[in-house]
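Just so you know, ligand 1 is whichever comes first in the structure, and atom 1 is the first atom listed for that ligand. A quick note: this is a predicted structure, and the numbers were derived from the prediction, not measured. Computed over heavy atoms, backbone and side chain alike; hydrogens, waters and symmetry mates excluded. When a residue number appears, it is its place in the shown sequence, counting from 1.
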Amino acid sequence: MSPEAFAPVAAAFAPDALGRTLRLRGWLLRGRSSGGILFLVLRDRTGSVQVTARRDVIGEAVFQAAEHVQNEGAVEVDGTVAEDRRAPGGREVRASALRIVHAGAPFPIFTDQTEEFRLDQRHLVVRSQEHVATWRLKAELLRALRLFLEEEEILEVTPPVLSGNAAEGGSEAFQIDYFGRPGYLSQTAQLYLEALIFPNERVYALTPSFRAEKSRTTRHLTEYLHLEVELAWCDLAALLELEERMVVAAAHALAARRPAELKVVGRPPEELAALAAPFPRLTYAEAIDRLAAQGLPVRWGSDLGTAEERALTIAERTPIFVTHFPRELKAFYMLRSSADPRTVEAADLLAPEGYGELIGGSCRETDLALLTERLQASGASVAEYDWYLDLRRHGSVPHAGFGLGIERLLRWLLRREHIRETTPFPRTPSRHTP
Ligand code: 4AD
Ligand code: MG
């Protein structure tokens with residue numbers, strides 16, 4: 001064995017590992033010393049294992065130094081895998097040598113600390129088992145979505161995050177000083193994706209989006225990961241069908257590939273495996289009728305807020321689509337519905353059990369005059385959007401797209417209380433550090 005040949009901790013649990021000598025390295029989950037023996041639990045990215053180190057084997061000096069290694073201190077161990085029925089997983093590694101990489105300061109994270117303290121210590125809290133499981137599930141979710149989109153022949157593209165346009169409404173954009181001119185952090189890549197459908201027809205982007213909303217809710221971040229899809233020749237029915245198949249594929253992938261991590265966060269994998277399309281569809285008009293019957297009257301033209309989305313979805317087991325919102329509620333680029341011109345060809349996908357909006361999507365207005373009129377009515381400067389209006393001057397075709405909040409989707413899939421539990425370093429109105 002070459003001195004560099006470190007084995008992953010999980011190698012101690014391989015069927016043929018008993019009696020083998022392994023060289024391991026990692027961090028101490030915990031340690032104690034009793035009767036001349038050190039009991040250390042060593043963790044790496046593959047798992048954790050109990051290591052025992054005897055004073056008479058590793059030597060007095062190393063033993064004493066090792067007694068002072070703190071939780072989350074780093075060590076290397078050479079040792080032999082043995083059976084031990086009392087150890088977690090039924091095995092331990094009996095050390096023949098131990099090297100201290102970094103003894104560490106006392107680790108400040110314990111159970112029962114306040115949420116505020118834990119958010120201040122987020123850079124250390126990310127080492128916890130629950131966090132590790134969550135970041136693996138998030139990586140799996142992104143992988144599943146990319147795989148799905150690739151199979152649908154939708155091209156991944158890379159729009160900018162800095163822009164001179166505030167596309168979803170100026171008040172919620174973070175403004176920056178762009179060399180003396182106003183600039184914005186992107187709220188959506190949609191306008192750029194619309195430009196890119198003409199050469200590519202089917203495109204998507206996964207970019208950070210920023211919202212300067214002071215909403216202190218359990219589902220708003222000021223920075224989130226936004227998956228946006230834009231498709232030429234697409235109508236609302238085809239768009240919703242793609243959305244629901246994508247969400248089902250993602251849920252199934254987590255259930256199939258990360259059942260252990262799902263159990264760590266408390267979401268039974270079978271529930272995700274059982275998710276099936278199609279999802280129910282109801283129009284905005286039907287939604288407000290249903291809300292009135294539930295004792296939550298909404299005037300035609302008023303938005304569905306958190307309370308209304310909650311009431312609509314609390315008893316549902318699968319996500320639902322709400323379609324055909326009143327025009328005034330939605331962005332300038334949405335296509336007017338020919339069946340009822342008071343409404344737009346748009347749909348929000350709402351997660352069940354009260355979780356609410358996961359996706360916002362729509363068909364886009366293709367007519368230059370109508371689009372210009374709606375842009376003016378929204379109060380935006382038409383001159384700044386002239387490049388976007390060009391897209392309606394050169395081969396304008398029916399098209400549609402949607403945006404999905406990755407953390408919103410993960411929050412529901414993992415059934416987390418707060419959206420900040422779905423991102424390692426959450427950005428909210430009150431916090432942009434650590
Ligand atoms: O509904 P939104 O604002 O739609 C758009 O931005 C479209 N231009 C997207 C498109 O068609 N390409 O945002 C889309 C999704 C929401 O459904 C929600 O999941 C998520 O982005 N989202 C947020 N997620 C976390 N924190 C916030 N503050 C969010 N705001 C929107
Ligand atoms: Mg929306």
Examine Arg32 relative to Phe39 and say whether NZ or CZ is less than 6.0 Å from the centre of the six-membered ring and inside a 45° cone about the ring axis.
-> yes
Which value, rounded to the nearest 0.5 Å, describes the distance between Phe321 atom CZ and Thr283 atom OG1?
-> 14.5 Å
Please report the C-alpha distance between Trp27 and Phe107 in whole Å, then the side-chain angles of each, then the deciding distance to 0.1 Å, and finally whether the ring pair (Phe, Tyr, Trp, His ring centres under 6.0 Å) criterion is met.
-> CA-CA 12 Å; Trp27 294 264; Phe107 198 62; over 10 Å; no
Where does Ile359 meet ligand 1, judged by heavy-atom distances below 4.0 Å: at the side chain, the backbone, both, or neither?
-> backbone
His220 to ligand 1: N or O pair under 3.5 Å?
-> no
Between Arg411, Glu172, Arg408, flag the one that comes closest to atom 18 (C) of ligand 1 by a heavy atom.
-> Arg408
Ring pair (Phe, Tyr, Trp, His ring centres under 6.0 Å) assessment of Phe332 paired with Tyr385 | CA-CA 12 Å; Phe332 71 91; Tyr385 285 90; 5.7 Å; yes
Should the pair Arg342 and Trp300 be classed as cation-pi, given the thresholds of under 6.0 Å to the six-membered ring centre and 45° from the axis?
-> yes
Per-pair distances, 0.1 Å, donor-acceptor, side chain in residues 399-407, under 3.5 Å, sequence neighbours excluded:
residue	atom	partner	partner atom	Å
His399	ND1	Val397	O	2.9
His399	NE2	Glu194	OE1	2.7
Glu407	OE1	Leu225	N	2.9
Glu407	OE2	Lys138	NZ	2.9

With only distance considered, is Leu358 within less than 3.5 Å of ligand 1 through an N or O on each side?
-> yes
So is there a nitrogen or oxygen of Leu404 less than 3.5 Å from a nitrogen or oxygen in ligand 1?
-> no
Give, for atom CG of Leu40 and atom OG1 of Thr52, the distance between the pair rounded to the nearest 0.5 Å.
-> 8.5 Å
Whether Tyr284 and Phe325 hold their rings parallel, tilted or perpendicular, with breakpoints at 30° and 60° = tilted
Atom indices of ligand 1 within 4.0 angstrom of Arg364 heavy atoms, with elements | 10 (C), 11 (O), 12 (N)
May I ask you to check if ligand 1 and Tyr333 share an N or O to N or O distance below 3.5 Å?
-> yes
Could you tell me whether Phe402 approaches ligand 1 through its side chain, its backbone, both or neither, with non-hydrogen atoms closer than 4.0 Å?
-> backbone
What N, O or S atom of Glu357 is found closest to the Mg ion (ligand 2)?
-> OE2
Taking the non-hydrogen atoms of Glu357, is any one of them nearer than 4.0 angstrom to ligand 1?
-> yes
In ligand 1, the atoms that come under 4.0 Å of a heavy atom of Arg219 are 25 (C), 26 (N)
The side chain to side chain contact (heavy atoms under 4.5 Å, CB included) partner of Arg327 among Val344, Leu335, Thr343 is Val344
For atom 13 (O) of ligand 1, which candidate among Glu407, Glu213, Arg211 holds the nearest heavy atom?
-> Arg211
Which atoms from ligand 1 have a heavy atom of Gln190 less than 4.0 Å away?
-> 7 (C), 8 (N), 10 (C), 11 (O), 12 (N)
Compute the shortest N/O to N/O distance between Gly405 and ligand 1 and return yes if it is under 3.5 Å, no if not.
-> yes
